[in-house]
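What follows is a short report on a single structure.
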Amino acid sequence: MAQDKPVRVRFAPSPTGYLHVGGARTAIYNYFFAKATGGTFYLRIEDTDRKRYNEEALKDLMRDLKWLGLQWDEGPGCEGGCGPYFQSERLDIYHREIQKLLDSGDAYYCFCTEERLQEVRAAQEKAGVSVTGYDRHCRNISREEAEARIAAGEKAVIRFKVPETGVTEFDDMIRGHIEYQNELLDDLVLIKRDGYPTYHFASVVDDHLMGTTHVLRGDEWISSTPKHMLLYKAFGWEPPKWVHLPVILDKNGGKLSKRKGAASVGDFRDLGYLPETLVNYLALLGWNPGDDREVMTVKEMVDCFTLERINPKSASFDEKKLQWMNGQHIHQCDDEFLAGFMMEGLKAKGINVDGEPKERIAEIVKLLKPRAHFMQDLADQSVYFFVAPATYDEKGKSKQWGPGSKEIASAVRNALANVETFTTPNIEKAFMDLTVSRGCKLGDLVGAVRLAVSGVTAGPGLWELFEVVGKEETLRRIDVALPMMG
RNA sequence: GGCGAUAUCGUCUAGUGGUCUAGGACGCUGGCCUCUCACGCCGGUAACAUGGAUUCGAAUUCCAUUAUCGCUACCA
């Protein structure tokens with residue numbers, strides 16, 4: 001399947017809401033495909049619905065795409081030769097192009113009102129006819145009459161004159177050959193009453209004019225593709241290659257929606273996922289590299305990306321696996337980056353870490369890194385290295401601070417007090433010696449003091465933990481907790 | 001209703017007529033490691049939607065059925 005011309009693909013969102021992970025994945029595949037083939041990835045804003053336009057959504061959209069690392073080669077902010085990249089700024093182009101269709105007789109003015117359309121629809125429903133849609137009431141109004149009526153102030157839309165017979169077929173790169181009977185298609189609106197183009201018209205005109213070679217879009221567009229094919233034909237343009245992507249469903253096979261949980265890129269960022277994780281996971285949801293690799297960098301994925309390995313089946317989003325993958329990516333982050341993220345998190349909690357030695361921060365990151373599943377785990381779990389616990393885990397209290405624990409904790413405290421150089425090996429030795437002299441197990445010694453020093457029952461190895469907290473502070477925290485023990 | 005797409009473990013997937021008593025990953029689970037929790041390592045669990053047809057042979061091809069999703073807007 002040789003590419004005769006350089007690949008040009010686009011992500012063409014409508015700025016009506018947040019960037020849904022499904023949309024994000026469409027953007028990812030477009031981006032991967034462009035990068036894998038040395039082509040161009042451009043961003044086009046489909047803002048032809050003035051009622052649903054949302055300025056905030058547009059800003060978020062671009063921010064989230066950038067956060068994911070999907071920087072466009074052309075588009076808002078980096079104009080290329082095919083702008084403008086906002087459809088709302090291309091109205092003159094659509095009006096110029098529609099004239100061609102009007103001239104050739106492939107499009108016509110339609111004066112039907114919303115009310116009449118509704119009546120037609122209702123009647124069709126009642127009659128139970130199989131073919132529904134616009135009844136082509138205005139199809140045969142002459143151009144002269146139509147223009148006269150418009151000149152007289154009547155409002156109209158412009159519809160496409162779809163052939164009444166025949167078959168329209170196209171090949172989808174991941175689904176193969178698809179055919180539609182033209183008689184099932186209705187005369188879709190091309191230019192709306194407000195003068196704006198519909199999606200169908202604008203996307204066809206733009207994909208052609210902007211040189212799109214492959215259209216990668218959600219599979220909800222499959223049924224519209226024959227209409228788009230017919231438009232290309234009417235214009236005499238060569239259609240792009242079609243690549244309809246499967247959708248992403250939630251755990252239960254329903255739509256992934258905000259109401260049911262996280263659904264947008266921003267949601268997952270707030271939850272503590274790395275962009276690398278999200279891109280990796282989303283890419284693997286419906287595509288595979290051809291081998292067993294799963295945790296991959298963008299470069300690794302781009303290097304082996306092909307459209308042929310995209311699955312036609314829609315996939316359920318599994319947040320458990322996402323979590324696991326985030327842990328994997330956190331393990332691969334360099335410590336310095338994690339340290340920066342951790343310190344910001346601590347600052348946000350009101351903990352001043354400015355004076356902390358770099359080595360100490362690095363040591364903490366080293367201890368916490370293999371335990372982190374979310375980025376905020378770093379800050380959340382490191383608080384006790386900087387501030388003594390104000391409260392203690394309730395379950396831990398009843399389990400670790402029961403009868404006899406005070407005596408054990410005191411013994412540990414005294415043993416620790418005698419450790420001159422408070423380092424991990426020395427601390428460990430103190431504990432070991434204590435098990436010998438007391439004739440007990442290590443497990444008997446650690447629970448109570450871990451809770452006393454950290455406030456929680458889970459965490460890094462105790463010796464390391466104590467070393468980083470420091471001798472004086474460790475002893476002090478044990479002293480504070482001693483009276484609470486039984 | 002009509003049209004279309006899809007159909008392998010709970011989930012993501014490998015698999016393109018024999019090497020499949022179906023492989024990997026997440027999850028769940030047993031164990032190892034061990035001062036806790038993680039990490040890591042070893043093992044287990046679990047699937048070709050159904051019915052026909054083609055074929056010496058089908059998860060793989062074809063046809064039905066079923067189920068799910070999508071479209072059926074002057075929304076994208």
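We use all heavy atoms of the structure for the numbers below, so side chains are in, but hydrogens, waters and symmetry mates are not. Throughout, protein chains are lettered first and strands after them, A, B, ... in sequence-line order, and every chain is numbered starting at 1.
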* Report which part of the nucleic acid A/Leu117 touches: base, sugar-phosphate, or nothing (heavy-atom distance under 4.0 Å, all strands). => base
* Asked: Checking all strands, does A/Glu294 fall into the base, sugar-phosphate, or nothing category for heavy-atom contacts under 4.0 angstrom?
  -> base
* Any side-chain heavy-atom pair of A/Asn182 and A/Glu164 under 4.5 Å -> no
* Using the ring of each side chain (for Trp, its six-membered ring), is A/His200 parallel, tilted or perpendicular to A/Trp221, with breaks at 30° and 60°? -> perpendicular
* Structure fact -> From CG of A/Leu185 across to C1' of B/A73 the rounded distance in Å is 15 Å
* Asked: Taking a pair as Watson-Crick or G-U wobble with both distances under 3.5 Å, which nucleotide is matched to B/A49?
  -> B/U65
* To do: Could you check whether A/Arg175 gets within reach of a base, just the sugar-phosphate, or nothing at all, counting any heavy atom under 4.0 Å?
  => sugar-phosphate
* **pair A/Tyr108-A/Ile141: side-chain heavy atoms closer than 4.5 Å** => no
* Is the distance between the ring centroids of A/Tyr281 and A/Tyr273 under 6.0 Å? -> no
* For A/Asp171 and B/A5, what is the distance between atoms CG and P respectively, to the nearest whole Å? -> 12 Å
* Among B/U13, B/C75, B/G24, the one nearest A/Ala315 by side-chain distance -> B/U13
* Closer than 4.0 Å, any side-chain N/O of A/Lys192 to the OP1 or OP2 of B/C75? -> yes
* **Pair assignment for B/G40, Watson-Crick or G-U wobble, requiring both distances under 3.5 Å** => B/C32
* Give one of base, sugar-phosphate or nothing for A/Leu462, where a contact means two heavy atoms less than 4.0 Å apart. => base
* Asked: Base, sugar-phosphate, or nothing for A/Pro13, non-hydrogen atoms under 4.0 angstrom?
  -> nothing
* Asked: So does A/Asn311 get a side-chain nitrogen or oxygen closer than 4.0 Å to the phosphate oxygens (OP1/OP2) of B/A14?
  -> yes
* **Earlier contact from the 5' end, RNA chain B, for A/Val446 and A/Asp318** => A/Asp318
* Just checking A/Lys369: base, sugar-phosphate only, or nothing, at a heavy-atom cut-off of under 4.0 Å? -> nothing
* Asked: How many Å lie between CD on A/Glu464 and C1' on B/C37, as a whole number?
  -> 13 Å
* **Rounded distance in Å between the P positions of B/U45 and B/A25** => 14 Å
* Structure fact -> note: A/Lys227, atom NZ; B/G70, atom C1'; distance rounded to Å ~ 13 Å
* **Per A/Pro370 side chain, nearest of listed nucleotides B/A76, B/C12, B/C39** => B/C39
* Asked: Within less than 4.0 Å of OP1 or OP2 of B/A76, is there a side-chain N or O belonging to A/Thr48?
  -> yes
* Asked: ring-ring contact (aromatic ring centres under 6.0 Å, His included) between A/Tyr85 and A/Trp72: does it pass, once the steps are laid out?
  -> CA-CA 12 Å; A/Tyr85 294 88; A/Trp72 46 98; over 10 Å; no
* Taking atom C1' in both B/C12 and B/A47, what distance in whole Å separates the two? -> 13 Å
* **Rounded distance in Å - CH2 (A/Trp221) to P (B/C75)** => 11 Å
* To do: Determine the interatomic distance between C1' on B/C20 and the same-named atom on B/A53; round to the nearest Å.
  => 23 Å
* Asked: Considering only the C1' atoms, how many Å lie between B/C56 and B/G2, rounded to the nearest integer?
  -> 43 Å
* Between A/Lys126 and B/G1, does any side-chain N or O lie under 4.0 Å from OP1 or OP2? -> no
* To do: Please report, rounded to the nearest Å, how far the P atom of B/C69 is from the CD atom of A/Glu220.
  => 15 Å
* Under-3.5 Å donor-acceptor pair between A/Arg371 side chain and B/C37 base -> yes
* Asked: Hey, what's the ring geometry for A/His244 with A/Trp242, parallel, tilted or perpendicular (30° and 60° as the breaks)?
  -> parallel
* Within 45° of the ring axis of A/Phe111 and under 6.0 Å from its six-membered ring centre, is that where the NZ or CZ of A/Arg149 lies? -> yes
* **Presence of A/Gln328 side-chain N/O under 4.0 Å of B/A38 phosphate oxygens OP1/OP2** => no
* Asked: Choosing from B/U13, B/C35, B/C3, which nucleotide comes nearest the side chain of A/Trp463?
  -> B/C35
* Asked: Under 4.0 angstrom, heavy atoms only, what part of the nucleic acid is A/Gly218 near: base, sugar-phosphate, or nothing?
  -> nothing
* Select base, sugar-phosphate, or nothing to describe what A/Cys440 touches, counting heavy atoms under 4.0 Å on all strands. => nothing
* To do: Could you check which nucleotide pairs with B/G1 in any of the strands shown, counting Watson-Crick or G-U wobble with both distances under 3.5 Å?
  => B/U72
* Asked: Among B/A76, B/G2, B/C12, which is the nearest nucleotide to the side chain of A/Lys321?
  -> B/C12
* To do: For A/Ser316, report the nucleic acid contact type (base, sugar-phosphate, nothing); a contact means any heavy atom under 4.0 Å.
  => sugar-phosphate
* To do: State whether A/Lys313 places a side-chain N or O below 4.0 Å from either non-bridging phosphate oxygen (OP1 or OP2) of B/U8.
  => yes
* Taking the side chain of A/Ala458 as its heavy atoms from C-beta onward, which of B/C26, B/U36, B/C35 lies nearest to it? -> B/U36
* Establish, with yes or no, whether the OP1 or OP2 oxygen of B/U36 is under 4.0 angstrom from a side-chain nitrogen or oxygen of A/Lys395. => no
* **Separation between the C1' atoms of B/C42 and B/G15, rounded to whole Å** => 27 Å
* Asked: What nucleic acid atoms does A/Val189 come within less than 4.0 Å of, heavy atoms only: base, sugar-phosphate, or nothing?
  -> sugar-phosphate
* To the nearest angstrom, how far is A/Glu125 atom CD from B/A73 atom C1'? -> 13 Å
* Asked: If we take the C1' atom in both B/C48 and B/A7, what is their distance in whole Å?
  -> 10 Å
* To do: Using the C1' atom on both, measure B/G4 against B/A58 and round to a whole Å.
  => 27 Å
* Asked: In whole angstroms, how far is the P atom of B/U72 from the CG atom of A/Leu188?
  -> 11 Å
* Check every strand shown and say whether A/Gly133 touches a base, only sugar-phosphate, or nothing at a heavy-atom separation below 4.0 Å. => nothing
* Are A/Lys233 and A/Asp106 close enough for a salt bridge, meaning some N to O gap below 4.0 Å? -> no
* To do: Quick one: label A/Tyr180 by what it contacts on the DNA or RNA (base, sugar-phosphate, nothing), any heavy atom closer than 4.0 Å.
  => sugar-phosphate
* Asked: Does A/Arg121 make a side-chain N or O approach to OP1 or OP2 of B/A73 shorter than 4.0 Å?
  -> yes
* **Criterion ring-ring contact (aromatic ring centres under 6.0 Å, His included) on A/Trp287 and A/Tyr29, from CA distance to verdict** => CA-CA 9 Å; A/Trp287 171 83; A/Tyr29 287 160; 7.3 Å; no
* Using both distances under 3.5 Å as the test, list the Watson-Crick or G-U wobble partner of B/G18, or none. => B/C56
* Base paired to B/C26 (Watson-Crick or G-U; both N/O distances under 3.5 angstrom) -> B/G10
* Asked: A/Ser223 or A/Ile191: which one's nearest nucleotide on RNA chain B is closer to the 5' end?
  -> A/Ser223
* Asked: Under 4.0 Å between a side-chain N or O of A/Arg309 and OP1 or OP2 of B/G15?
  -> yes
* For A/Glu467 and A/Thr424, test the side chains for any donor-to-acceptor distance below 3.5 angstrom and give the result as yes or no. => yes
* To do: Please state whether the phosphate of B/A14, meaning OP1 or OP2, lies under 4.0 angstrom from any side-chain nitrogen or oxygen of A/Asn288.
  => yes
